[in-house]
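What you see is a predicted model, and the numbers here were worked out from it, not measured in a lab. Nothing fancy with the numbering, it's 1 onward along the sequence.
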Amino acid sequence: MSTQKLWYDKPATSWSEGFPVGNGRLAAIVYGGAEQEVWNITESTYWSGKREHITSHSSGKDDLARLRQHFFDGDYEGGERLASQLLEPSKANFGTNLPVCDVILKFKAGGQNVTRELNLENAITKTTYEIEGAKIHRELFASHADGLIVCKLWSESPDGISFNIHLEGKTDLFESWNDPQVEGRLSFKGQALEQLHSDGKCGVRCQGSVHVETRDGIIGGDAGRVEVSNAKEAIIYFAINTDYGVTGDWLSVGDKRNLLAKAKGYESLKLDHIADYNSLYGRVNLELETSELTLLPTDERIRNLSQGKGEDPALFALFFQYGRYLTLCGAREDSPLPLHLQGIWNDDQACRMGWTCDYHIDINTQMNYYPTETTHLSESHQPLIRYIEQLAESGKAAARDFYGSNGWVAHTVSNAWGFTAPAWQNSWGLNVTGGLWIAMQLRDHYEYTLNEQFLSQTAYPILKDAALFFLDYMVVHPKNGWLVTGPSISPENTFHANGTQKHHYLSMGTTLDQVLVSDLFEFVLEAAERLEVDEQLQADLRKAIALLPPLQIGQKGQLQEWLEDYVEAQPEHRHLSHLHSLFPAYRITPQHTPELSEAARVTLESRKSTNNHEDVEFTVAAFAGCYSRLHDAESAYEQISHLVGNLCFDNLMTFSKPGIGGAESPIYVADGNFGGTAAIADMLLQSHAGELHLLPALPAAWSSGQYQGLRARGALEIDVIWSEGRLVEVSVRALATGHTTLRYGQQNVPFSYEAGSSYKLDCELRIQ
């Protein structure tokens with residue numbers, strides 16, 4: 001049995017037990033058994049809301065100066081009150097991603113011995129069961145190559161396939177009907193409308209169809225259903241299109257895709273799907289030791305891990321590859337939008353409450369892309385890069401209207417139309433570096449690829465304009481002479497000040513702001529020098545960098561979260577944003593900044609040990625990454641084990657527990673899958689601070705294994721084999737010319753490489 005499969009020996013009765021599939025735009029959660037199967041259909045552009053201008057109540061720099069004076073004077077309550085008047089716009093038609101519909105297949109005869117599997121190597125789901133000794137099979141995939149979902153049903157008996165299929169819309173405006181001109185076709189149309197995040201009158205429209213064809217048997221139906229009776233096999237094609245960003249004809253695109261697919265034939269569709277998918281997925285392999293637990297159904301393996309019943313290293317390799325699979329399902333090079341809060345799926349819960357199924361850019365969307373470069377899926381960064389370009393353009397109005405500043409800015413949340421204004425509650429919505437935080441993914445993409453054209457034409461212009469905003473917006477603090485942001489938040493935390501127990505959220509110069517601005521200014525300066533452009537900007541950046549606050553250690557030995565050593569009002573808080581310089585960035589490292597590294601450890605231990613610690617999927621993934629950067633393998637492993645064993649549904653998708661942000665039940669959130677995948681990669685390979693560090697946080701439970709194809713900064717591809725906790729062999733393939741320091745344990749070896757060359761090294765880091 002392949003170790004890269006999720007499999008189960010019983011039906012899936014709910015969304016959280018189903019298999020996710022996707023082609024970068026169209027997706028589904030597939031669940032069911034012998035009596036019924038449901039495809040919960042989502043489409044990345046199916047959003048309520050619309051693009052609209054957000055009105056600011058601020059006059060710009062004069063109001064900003066008046067507002068800041070409250071915080072300089074220690075009047076936090078007055079400052080927060082004035083900030084609500086000036087920088088808190090009303091919520092209008094922001095919108096949310098919505099599910100499209102359920103495709104429901106009902107079978108006329110029940111069955112037994114149901115087994116289900118999702119093969120990560122070919123991105124195909126299979127369900128098998130028996131009726132009177134004859135096996136019935138279903139397999140389904142979402143084809144990126146041909147732009148649709150395809151399902152084949154077949155029986156080992158001559159006439160074993162009988163079912164009906166219909167659609168149930170997930171929004172008020174949805175209808176489906178039998179096409180009188182085409183046998184076996186259901187057409188549908190709908191609009192993404194809701195009244196919590198918009199006015200219920202605006203949203204993206206969709207139109208598409210379901211085609212059913214059979215081998216032998218009878219096909220018919222009416223009243224919005226297709227009936228299939230006594231067939232040897234049946235094939236179902238599902239395609240959809242929307243009017244998002246479209247000016248021409250879009251209504252017939254779904255039908256055309258289905259007709260082309262039918263003409264092409266199932267086997268050709270399947271072969272092209274596998275070739276397209278595996279050309280990306282197959283770049284990376286991770287093997288950890290197997291045991292008898294590897295043979296168990298996936299849900300049993302998760303429970304065993306939760307209960308501490310035996311070692312199952314291969315489950316972590318499965319979780320790692322699952323994260324890569326989910327990336328490819330939701331983010332392909334031509335995807336119209338990047339991964340949102342729930343990736344590309346939608347459990348119909350987050351979008352029906354205050355969260356919204358949107359782009360949270362105060363950690364969640366960023367974490368979705370933490371593993372993209374290192375796990376060799378660089379192309380999946382493209383939809384995010386295009387989205388950042390959109391933010392940079394629309395954010396110019398937010399910079400001008402709210403702060404009277406040049407450049408561009410975005411805050412805490414965004415939508416399909418590039419929303420960049422502060423959100424409607426300053427306690428969480430006034431995160432002035434949200435756009436900068438997501439835009440630093442451009443730096444990552446450049447550092448991993450060393451694509452000079454990308455640097456000069458995309459990364460530098462966008463980040464230069466971000467730097468222009470902060471140069472114009474920031475102010476010198478009268479108390480210490482540091483150049484600071486503010487007012488802003490440390491997402492989404494609060495503090496006590498002035499000896500009171502009142503919760504405050506706004507202040508000047510939060511740690512997250514300062515480290516992001518420092519990274520921005522330094523990268524833009526280096527890029528300008530490299531490109532030999534903008535000499536005056538270079539001078540301005542050098543001057544500004546000299547005035548930026550340092551990272552500070554508080555009285556308890558912790559890394560300070562704010563400019564001043566405030567008392568934490570919520571020491572159990574889920575956000576670790578002030579540790580950004582440790583993970584995923586790299587300003588803090590044990591080898592170069594040991595005191596700050598120890599302060600970061602104090603922060604981690606303090607958060608973890610508090611009563612009522614907010615045990616959230618993205619927090620646990622961040623804990624794992626931070627411990628990995630501290631080279632604390634066992635603590636990182638403990639966090640990853642907790643994430644997989646206790647914060648995953650049976651289908652291995654991560655969730656947020658009830659109680660967080662008003663959630664009444666566990667809600668799927670994609671960032672845990674992606675953040676956990678990134679943390680596992682980080683435990684096996686780190687490439688920052690001028691080093692290529694091999695097996696930096698290898699836990700005892702993964703004593704032997706190997707990986708191929710992980711990417712490192714400097715445009716390198718790395719293969720590693722280890723046994724009994726010791727390095728055996730390393731292979732390095734260089735896509736560019738450069739130099740670094742190879743590190744393993746206490747060994748440090750200078751290493752130069754040339755583009756197009758491959759190198760093999762032994763356990764002593766000697767080139768063979």
Side-chain angles (χ1 to χ4, degrees), residues 1-10 19 115-126 128 278 281-326 371 375-376 624 628 633-634 636-654 673 676-685 694-710 718-731 763:
M1 176 183 290
S2 169
T3 58
Q4 296 187 44
K5 285 184 181 179
L6 284 71
W7 81 276
Y8 306 83
D9 59 3
K10 58 180 177 291
F19 291 134
T115 61
R116 303 179 298 115
E117 69 173 45
L118 168 60
N119 188 329
L120 302 184
E121 293 178 288
N122 60 22
I124 296 176
T125 75
K126 288 187 178 180
T128 301
N278 205 256
Y281 178 84
R283 292 170 172 173
V284 170
N285 181 52
L286 171 61
E287 295 180 20
L288 299 175
E289 290 180 284
T290 60
S291 69
E292 67 278 2
L293 298 178
T294 310
L295 301 176
L296 295 175
T298 305
D299 53 338
E300 293 184 29
R301 297 172 72 184
I302 295 170
R303 281 193 291 275
N304 284 337
L305 177 63
S306 175
Q307 296 167 8
K309 294 181 179 179
E311 297 290 346
D312 189 2
L315 179 59
F316 296 91
L318 179 68
F319 181 83
F320 169 84
Q321 291 287 37
Y322 193 47
R324 298 182 67 244
Y325 167 80
L326 296 175
T375 68
H376 211 150
S628 174
E634 300 310 318
Y637 176 74
E638 177 186 34
Q639 295 298 315
I640 288 292
S641 297
H642 179 60
L643 177 66
V644 178
N646 299 292
L647 294 173
C648 282
F649 292 123
D650 283 352
N651 62 5
L652 211 55
M653 297 170 84
T654 57
N673 283 105
T677 295
I680 291 172
D682 200 81
M683 293 164 72
L684 301 174
L685 177 69
L694 306 168
L695 305 179
L698 184 69
W702 303 347
S703 60
S704 297
Q706 60 179 299
Y707 62 78
Q708 293 83 36
L710 290 185
I718 313 297
D719 305 341
V720 170
I721 300 173
W722 70 96
S723 180
E724 298 181 355
R726 299 293 299 170
L727 180 69
V728 174
E729 184 179 279
V730 184
S731 296
C763 61

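- No hydrogens or angles considered: nothing links the side chains of Glu117 and Asn119 as a donor-acceptor pair under 3.5 Å.
- Interatomic distance, Arg726 CZ to Ser703 OG, rounded to the nearest 0.5 Å: 13.0 Å.
- In this structure, CD1 on Ile680 lies 8.0 Å from CG on Leu288, to the nearest 0.5 angstrom.
- Within 6.0 Å of NZ on Lys10 lie more than 12 heavy atoms contributed by other residues, nucleotides or ligands.
- Between Leu286 and Phe316 the shortest side-chain heavy-atom distance does not fall below 4.5 Å.
- Under a 3.5 Å cut-off, the side chain of Ser704 and the backbone N or O of Glu724 do form a donor-acceptor pair.
- In this structure, Pro699 and Met683 have side chains that are in contact, with non-hydrogen atoms separated by less than 4.5 Å.
- Looking at Asn673, its side chain does come within 3.5 Å of a backbone N or O of Thr654 through a donor-acceptor pair.
- Contact of the Leu695 side chain with the Leu727 side chain is registered, since non-hydrogen atoms from C-beta on lie closer than 4.5 Å.
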Run the numbers on Gln639 and Leu643 for side chain to side chain contact (heavy atoms under 4.5 Å, CB included), then give the verdict.
CA-CA 6 Å; Gln639 295 298 315; Leu643 177 66; over 6 Å; no
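- Side chain of Gln706 to main chain of Asp719: no donor-acceptor pair is present (N/O by atom type, distance under 3.5 Å, no hydrogens or angles).
- Note: Tyr637 and Trp702 have perpendicular aromatic rings, judged against thresholds of 30 and 60 degrees for the angle between ring planes.
- Contact check for Thr3 versus Gln321: no side-chain heavy atoms found under the 4.5 Å cut-off.
- Counting heavy atoms from C-beta on, the side chains of Leu118 and Asn651 never come closer than 4.5 Å.
- Of all heavy-atom pairs between Glu289 and Pro313, the closest is O-CB, 3.4 Å.
- We find the CD-CG distance between Gln307 and Asn646 to be 9.5 Å, quoted to the nearest 0.5 Å.
- Between the side chain of Thr677 and the backbone N or O of Pro371, no donor-acceptor pair lies under 3.5 Å.
- The side-chain contact (heavy atoms from CB on, under 4.5 Å) search around Ile302 returns Thr298, Leu652, not counting sequence neighbours.
- Residues Ser628 and Ala679 share a closest heavy-atom pair of OG-O, 4.5 Å.
- Distance NZ/Lys126 to CH2/Trp7: 15.0 Å, rounded to 0.5 Å.
- Pairing each heavy atom of Pro696 with each of Asp682, the nearest pair is CG-O, 3.3 Å.
- No hydrogens or angles considered: nothing links the side chains of Glu311 and Ser291 as a donor-acceptor pair under 3.5 Å.
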Step by step, work out the side chain to side chain contact (heavy atoms under 4.5 Å, CB included) result for Leu293 and Leu315.
CA-CA 9 Å; Leu293 298 178; Leu315 179 59; over 6 Å; no
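- Here the NZ atom belonging to Lys5 is positioned 10.0 Å from the CG atom belonging to Leu120, to the nearest 0.5 angstrom.
- Side chain of His376 to backbone of Val284: no donor-acceptor contact under 3.5 angstrom is found.
- Annotation: side chain of Tyr707 is in contact with side chain of Ile718 (closest heavy-atom distance under 4.5 Å).
- Shortest non-hydrogen contact noted between Leu698 and Glu634 is O-OE2, 4.4 Å.
- Here the two rings, on Phe19 and Tyr8, have centers that are under 6.0 Å apart.
- Atom OH of Tyr322 and atom OH of Tyr325 lie 7.0 Å apart (nearest 0.5 Å).
- Residues Thr375 and Phe320 meet the side-chain proximity criterion, which asks for heavy atoms closer than 4.5 Å.
- Among all heavy-atom pairs drawn from Arg301 and Leu296, the shortest one is CD-O, 3.4 Å.
- Using a 4.5 Å cut-off on side-chain heavy atoms (C-beta onward), Asp312 and Leu305 make no contact.
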